[in-house]
Amino acid sequence: MDALQDTQTNHDATAALDYDAIIIGAGMSGLYQLYRLRALGMRVRVFETGTGVGGTWYWNRYPGARFDSESYSYSYSFSKELLEEWTWNEHFAPQPETLRYLNHVADRFDLRRDIQFRSRVTAARYQDDTRSWTVTLEDASQHNARFLITALGPLSAPTMPRIEGVETFHGRSFHTARWPHEPVSFEGQRVAVIGTGATGVQTIQEVVKTAKHLTVFQRTPNWCAPLHNGKIDAAEMAKIKAGYPEMFRRCQETFACFLHTPDPRGTFEVTPEQREAFFETLYASPGFGIWQGNFRDILTDPKANDVISDFVARKIRQRVKDQAVAEKLIPRNHGFGTRRVPLETRYYEAYNQPNVRLVDIKETPIERITPAGVKTSEAEYAFDIIIYATGFDAITGSFDRIDFRGVDGLRLKDKWKRGPRTYLGVMVEDFPNMFMLMGPHTALGNIPRSIEYNVDWVTGVLRHAWNHGLTHVAATQAGVASWTDHVKALGAGLLSNEVNSWMTGVNSNVEGKQTRIIARYSGSAPAYRARCNEVAAMGYQELSLA
Ligand code: NA7
């Protein structure tokens with residue numbers, strides 16, 4: 001049989017399947033992957049749990065939800081027309097604006113006709129005989145396709161706190177990532193917020209504007225820094241648009257695809273005065289500069305980290321009037337930037353309001369949720385509304401919730417029992433024809449930039465398979481071992497890997513997730529791309545193809 005005939009035969013075999021590719025999730029990565037695979041001529045189906053597109057920006061409707069990265073650096077860059085026609089109104093867009101943007105993208109590229117909403121995937125099983133994936137939905141319907149692409153999002157499996165009595169509360173309660181579509185008014189309400197991560201911080205500073213009384217239950221304070229958001233007027237937007245090629249080029253060059261990248265200087269290579277002045281400039285500048293654009297050694301050298309931590313602690317003491325409260329808001333068990341830095345707008349000033357109370361639950365632990373409110377070891381507090389800003393079973397959690405089975409029924413959850421093992425963060429041994437977008441061990445950083453690269457790379461592999469009539473695309477044992485070792489080696493010496501957080505896979509509310517793992521690739525994004533590009537340039541020889 002000649003090559004062309006062979007290709008035809010394989011396409012005929014594929015035609016017997018429901019689809020050529022199934023994508024799980026219609027967030028930023030799923031939408032773009034759909035767009036790209038459709039362009040290859042593939043029959044694609046996206047299954048999405050929600051009733052609309054947007055993923056993170058569909059689910060996280062909590063008050064105050066917004067970007068901490070510059071809106072324009074967060075847009076898709078693949079379409080000049082899209083860039084030209086979309087106008088951002090704020091430097092750090094609020095969630096409704098971002099959701100509007102993603103809906104616009106879905107409409108503009110006519111993506112909805114291939115997306116099936118209200119369709120939670122519960123299981124996905126590889127079928128050896130047909131070299132295909134069978135996906136089972138919550139309603140028990142099954143759908144099969146040659147290729148399976150997970151676009152689940154690294155932060156999409158919300159976790160409720162393991163506190164007794166949650167279901168007994170008589171008032172209203174919400175997890176931030178499952179916020180209702182209808183507005184929730186805090187006017188005249190006694191509100192509790194449990195959790196002070198990036199989400200809790202955004203929620204608190206918004207709720208405090210209207211609530212009658214707010215109580216924040218804090219287990220671990222985080223190092224927050226000012227967002228310095230602002231409106232974008234027409235003239236500024238025109239300038240931003242004119243600068244898009246340059247801006248996206250810059251995002252390709254920076255360490256984590258942000259506009260900011262580490263300063264080449266070391267903390268102790270400048271005088272104390274120069275250091276202080278640099279920190280002041282960063283603290284007064286918008287966005288992640290103070291975290292991502294600081295001296296190159298603040299996240300690796302404990303002494304350098306102490307200096308910036310001390311600077312931010314002084315800022316907290318200046319901004320919070322009651323010094324006992326300020327001390328409670330200063331982290332003690334980790335240094336600045338070793339966990340995700342929440343960006344804030346008057347967050348610390350919220351604690352100067354007479355109707356705001358901070359309860360340190362390390363001092364007085366929550367014993368249970370009661371019908372009236374929250375009972376700690378010291379007191380019972382009554383509330384009308386409890387907001388759980390308690391985060392996510394991150395990175396691997398969204399995979400754990402689906403029963404993924406590879407060759408011979410092997411469970412992904414079992415395979416990753418001692419931490420994820422991947423090839424380039426995209427593939428898993430014994431899970432042929434399955435590709436992960438924003439899975440464990442990929443470069444996260446400024447997520448849309450990483451998504452576009454990830455999707456383009458996966459599209460390249462699939463184009464190769466499609467053009468050559470390949471029906472079996474798999475990672476090899478050697479490839480997985482080598483990438484996993486590489487990711488682990490890169491993670492050594494990074495202060496953030498020595499701290500419990502979602503970034504190290506720790507979640508106190510999930511059984512078996514109390515031990516730190518190397519969940520993320522922590523090298524630079526350019527290095528990640530160089531490695532992946534090399535694999536593509538060599539014709540994907542590192543993969544097992546048939
Ligand atoms: P995070 O950053 O994981 O924060 C969750 C917060 O909830 C954090 O303060 C936790 O305290 C707290 N938490 C979790 N469980 C409990 C219990 N059982 N009792 C009390 N407090 C608890 O999630 P976010 O949603 O804020 O942000 C996640 C990412 O999404 C963010 O970094 C952005 O990149 C987008 P802990 O620190 O564990 O002591």
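Everything quoted here is computed from the prediction, not taken from an experiment. First listed ligand is number 1; within each ligand, the first listed atom is number 1.
- Nearest protein neighbour of atom 9 (O) of ligand 1, counting heavy atoms only, is Thr196 N, 2.9 Å.
- Polar contact check, Gly195 against ligand 1: no nitrogen or oxygen pair lies under 3.5 Å apart.
- Aromatic ring orientation, Phe186 versus Trp179: tilted (interplanar angle from 30° to 60°).
- Among all non-hydrogen protein atoms, the one lying nearest atom 23 (O) of ligand 1 is Gly391 CA, 3.3 Å.
- Each of the atoms 29 (C), 30 (O), 34 (O), 35 (C) of ligand 1 lies under 4.0 Å from some heavy atom of Leu155.
- Every atom of ligand 1 with a heavy atom of Ala198 under 4.0 Å away is listed here by number and element: 26 (O), 31 (C).
- Considering both main-chain and side-chain atoms, Arg339 comes within under 3.5 Å of ligand 1 through a nitrogen or oxygen pair.
- Residues forming a ring-ring contact (aromatic ring centres under 6.0 Å, His included) with Tyr521 (at least two apart in sequence, or on another chain): Trp483, Tyr528.
- When the heavy atoms of Arg219, His175, Lys362, Arg340 are ranked by distance to atom 13 (N) of ligand 1, first place goes to Arg219.
- Looking only at heavy atoms of the protein, atom 4 (O) of ligand 1 is closest to Gly197 CA, 3.6 Å.
- Taking a cut-off of under 4.0 Å to the non-hydrogen atoms of Ile194, the atoms of ligand 1 that pass are 20 (C), 21 (N).
- Glu327 has a carboxylate O that lies under 4.0 Å from a charged side-chain N of Arg332, or vice versa, which qualifies the two as a salt bridge.
- Atom CZ of residue Arg357 and atom OH of residue Tyr381 lie 6.0 Å apart, to the nearest 0.5 angstrom.
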For a quick test of your reading: what N or O donor-acceptor pairs under 3.5 Å do the side chains of residues 46-56 make, sequence neighbours left out?
| from | atom 1 | to | atom 2 | distance (Å) |
| --- | --- | --- | --- | --- |
| Glu48 | OE1 | Ala26 | N | 2.7 |
| Glu48 | OE2 | Gly50 | N | 2.7 |
| Thr51 | OG1 | Tyr58 | OH | 2.6 |

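- Contact annotation: for Phe217 versus ligand 1, there are no heavy atoms closer than 4.0 Å.
- If you number the atoms of ligand 1 from 1 as listed, the ones under 4.0 Å from a heavy atom of Ile361 come out as 20 (C).
- Atom numbering of ligand 1 starts at 1 in the shown order; those under 4.0 Å from a heavy atom of Pro161 are 17 (C), 18 (N).
- Aromatic pair Tyr388/Phe217: ring centres not closer than 6.0 Å.
- A side-chain donor from one of Asn305 and Ser309 sits under 3.5 Å from a side-chain acceptor of the other.
- Residue contact check: Thr199 has heavy atoms under 4.0 Å from atoms 24 (P), 25 (O), 26 (O), 27 (O) of ligand 1.
- Two rings, from Phe248 and Tyr244, have their centers less than 6.0 Å apart.
- In terms of modelled atom types and a separation under 3.5 Å, the side chain of Asn500 and the main chain of Val506 share no donor-acceptor contact.
- Under 4.0 Å from ligand 1, not a single heavy atom of Asp68 appears.
- Proximity of Ile366 to ligand 1, defined as any heavy-atom pair under 4.0 Å, is not found for any part of the residue.
- Between the NE2 atom of His181 and the CZ atom of Arg61 there is a distance of 3.5 Å, given to the nearest 0.5 Å.
- Looking only at distances, a side-chain donor or acceptor of Trp223 sits under 3.5 Å from a matching main-chain atom of His334.
- For ligand 1, the atoms sitting less than 4.0 Å from at least one non-hydrogen atom of Thr220 are 36 (P), 37 (O), 39 (O), numbered in the order shown with element in parentheses.
- Geometrically, ligand 1 and Ala389 share a nitrogen or oxygen pair separated by less than 3.5 Å.
- Proximity of Asn509 to ligand 1, defined as any heavy-atom pair under 4.0 Å, is confined to the side chain (atoms from C-beta onward).
- Within the 3.5 Å criterion, the main-chain N or O of Phe392 finds a donor-acceptor partner in the side chain of Asn507.
- Interface of Trp502 with ligand 1, defined as ligand atoms under 4.0 Å from a residue heavy atom, comprises 2 (O), 3 (O), 28 (C), 29 (C), 31 (C), 32 (O), 34 (O).
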